[in-house]
J.: 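Got a structure for you, questions after.
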Amino acid sequence: MNNENRKIKISPIKNGTVIDHIRKGQALKVVKILGVMEQDVDSVVSIAMNVESSTGKKDIVKIEGRELKQEELDKISLISPEVTVNIIHDFQVKDKRRVKPPKAVKGIVKCRNVNCITNQREPVEPEFKVISGKPVSIRCRYCEREMEGEDISENLM
Ligand SMILES: Nc1ncnc2c1ncn2[C@@H]1O[C@H](COP(=O)(O)OP(=O)(O)OP(=O)(O)O)[C@@H](O)[C@H]1O
Ligand SMILES: [Mg+2]
Ligand SMILES: [Zn+2]
């Protein structure tokens, strides 16, 4: 067998979404955010990790038959702002979108300050101002605690 025949091919998607340029190590987090294990049980899903790209290593998630909602895109933008979301129609990339962290996030991330009012038995939804984009940094509206990186990905609601 020559090397050409040894290539492993990932099946192309007819219709669905390719989430590309995911920050290395974050693919499973994206899968979790999107609830892939619950929502896409009968769909073709491909997950690639530590793939070479022009700007270093990246992860990729491909999901057949799935379109992403704005709230899902916002969550992804918080853990991996470099992501591009490719909409696949009839095997072709029909649309390519960047994600952008919103100016403020409400009800998406929990404050990591246990004494914050949003962590007491009060009906107060956690709310943050996004204070920088790359890397993403957010500040609690109530206790001013700042969070970034793993702090954010570990506290996604
Ligand atoms: N039908 C398909 N099924 C599965 N993956 C696909 C399909 N078409 C494109 N892709 C994947 O979608 C991503 C974007 O495809 P595109 O052709 O736009 O590549 P690109 O030009 O390298 O894009 P970029 O500049 O965003 O990196 C790539 O990871 C590509 O492998
Ligand atoms: Mg590319
Ligand atoms: Zn707080």
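In each ligand, atom 1 is the first atom listed, and ligand 1 is the first ligand listed.
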J.: Heavy-atom distances under 4.0 Å decide this one: backbone, side chain, both or neither, for Gln92 against ligand 1?
T.: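 Neither part.
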J.: Quick one: does any side-chain atom of Asn119 pair with a main-chain N or O of Asn115 as donor and acceptor, under 3.5 Å?
T.: no
J.: Any N/O of Lys62 closer than 3.5 Å to an N/O of ligand 1?
T.: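 N/O-N/O distance under 3.5 Å: yes.
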J.: If I take atom CG from residue Asp151 and atom CZ from residue Arg112, how far apart are they, to the nearest 0.5 angstrom?
T.: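 Output value for this atom pair is 4.0 Å.
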J.: Nearest non-hydrogen atom to atom 7 (C) of ligand 1 belongs to which of Ile88, Ile63, Asp20?
T.: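 The nearest heavy atom belongs to Ile88.
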J.: Is the closest protein non-hydrogen atom to atom 26 (O) of ligand 1 under 4.0 Å?
T.: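 At least one protein heavy atom is under 4.0 Å away.
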J.: For a quick test of reading the model, state the closest non-hydrogen atom pair linking Asn50 to Lys57 and the distance between them.
T.: O-CD, 3.8 Å
J.: To the nearest 0.5 Å, what is the distance between CD (Glu154) and NZ (Lys110)?
T.: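 Reported value, rounded in 0.5 Å steps: 10.5 Å.
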J.: Provide, to 0.1 Å, the distance between atom 12 (O) of ligand 1 and the closest protein heavy atom, together with that atom's residue and name.
T.: Val18 CG1, 3.4 Å
J.: Going hydrophobic residue to hydrophobic residue with side-chain gaps under 4.5 angstrom, can you get from Val85 over to Val51?
T.: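 No, separate clusters.
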J.: Are the side chains of Asp59 and Ile47 in touch, meaning some heavy atoms are under 4.5 Å apart?
T.: no
J.: Record the part of Asn86 in heavy-atom contact with ligand 1 below 4.0 Å; permitted values are side chain, backbone, both and neither.
T.: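 Side chain only.
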J.: Please confirm whether the backbone N or O of Val124 pairs with a side-chain atom of Thr118, one donor and one acceptor, at under 3.5 Å?
T.: no
J.: Specify the protein heavy atom at minimum distance from atom 17 (O) of ligand 1: its residue, its atom name, and the distance to 0.1 Å.
T.: Val93 CG2, 4.0 Å
J.: Is there side-chain contact between Ser77 and Pro102, with heavy atoms separated by less than 4.5 Å?
T.: yes
J.: If the Zn ion (ligand 3) is the vertex, what is the angle to SG of Cys116 and SG of Cys111, rounded to 10 degrees?
T.: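 Vertex at the Zn ion (ligand 3): approximately 110°.
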J.: Atoms of ligand 1 less than 4.0 Å from Phe91 heavy atoms?
T.: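 This gives 1 (N), 8 (N) as the contact atoms.
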J.: Less than 4.0 Å is my threshold; does some heavy atom of His21 fall inside it relative to ligand 1?
T.: yes
J.: Please state which part of Lys96 comes within less than 4.0 Å of ligand 1, counting heavy atoms only: side chain, backbone, both or neither.
T.: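 Only the side chain of Lys96 comes within reach of ligand 1.
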J.: Please list the nearest protein heavy atom to atom 3 (N) of ligand 1 with its residue and the distance rounded to 0.1 Å.
T.: Ile13 N, 2.7 Å
J.: Take atom 15 (O) of ligand 1 and look for protein heavy atoms under 4.0 Å from it; say yes if you find one, no if not.
T.: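 Yes, because at least one protein heavy atom sits under 4.0 Å from atom 15 (O) of ligand 1.
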J.: In this structure, would Ile79 and Met157 fall into the same cluster of hydrophobic residues linked by side-chain contacts under 4.5 Å?
T.: no
